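Whatever order the structure lists ligands and atoms in, that order sets their numbers, starting from 1. For reference, positions follow the sequence shown, starting with 1. All figures in this text were calculated on a predicted structure; none of them were measured in a lab.
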Amino acid sequence: MFILVNLKTYPCDPVAVAEAVRDVDEKTDARLAVAPQDAHVERVAATGVETWAQHVDPIDHGSNTGHALAESLAEAGAEGTLINHSEKRLKLADIDGSIRAAERAGLETIVCANNPAQIGASAALGPDAVAVEPPELIGTGTPVSQADPDVVEDAVDAADGVDDDVSVLCGAGISTGEDVVSAADLGAEGVLLASGVAKADDPAAALADLVDPL
Ligand code: G3P
């Protein structure tokens, strides 16, 4: 299982969380990574943890004030990027452009989507993976695998129907090892999660719990 911890703009210590993720990653067969804010990518990557960007723009070097350039994030140490997160929505053409920008910079890609129909459309653009995250469950602590298992299974079917090389992850409300196992049972190859770790009193303990049953 791939477990990607998205730190969003939560006021946690990104380096401390990164070190905890790195330490858990070294002790488990699961693959763990962290997606900090752009400004923290370099410091997080320096811990040795697998580091992801939260977004890249569909741009090249040039006159693009305030944008996130894939090459700059890769140089800072990012190995992959989320695209079209529910909190950073893009139009279809821009999702395509962002995937191409990420590929150009050698970044792995996960395109997020709200529902199975969007998962199918996203898979058709050829990312490495897609992630279904019902927006109404994000940050609630109620896991998508329990509240809406059909959306995960339907997302897996939708992606497989387009391109079975595209991996499917799920996210929203996931915070325990049991949630991760349920996601795997529904066909997901990984999970995205944020508040369960970034807002935990003890992120290291939360991470240990996540991988405990794996
Ligand atoms: O990117 C993962 C995120 O949107 C899920 O958030 O807080 O429900 O784990 P959370």
- Would you mind telling me which of Val168, Asp163, Val162 makes a side chain to side chain contact (heavy atoms under 4.5 Å, CB included) with Val166? Asp163
- Task: Please test Val111 against Ile95 for side-chain contact (heavy atoms from CB on, under 4.5 Å), starting from the C-alpha separation and ending with a verdict.
- Result: CA-CA 8 Å; Val111 175; Ile95 297 172; 3.9 Å; yes
- With salt bridge (charged side-chain N to carboxylate O under 4.0 Å, His left out) as the test, would you mind laying out the steps for Glu108 and Arg31 before giving the verdict? CA-CA 14 Å; Glu108 194 172 333; Arg31 172 186 173 194; 3.0 Å; yes
- Query: For the atom pair CG (Asp94) and CD1 (Ile83), what is the distance rounded to the nearest 0.5 Å?
  - Reply: 11.0 Å
- Item | Pairing of Lys27 and Asp23 as salt bridge, 4.0 angstrom limit | no
- Query: Got the residues with a heavy atom under 4.0 Å of ligand 1, by chain and number?
  - Reply: Asn6, Lys8, His85, Glu133, Ile138, Gly139, Ala172, Gly173, Leu192, Leu193, Ala194, Ser195
- Message: Atom CG of residue position Asp29 - does it have more than 12 heavy atoms of other residues, nucleotides or ligands inside 6.0 Å?
- Response: no
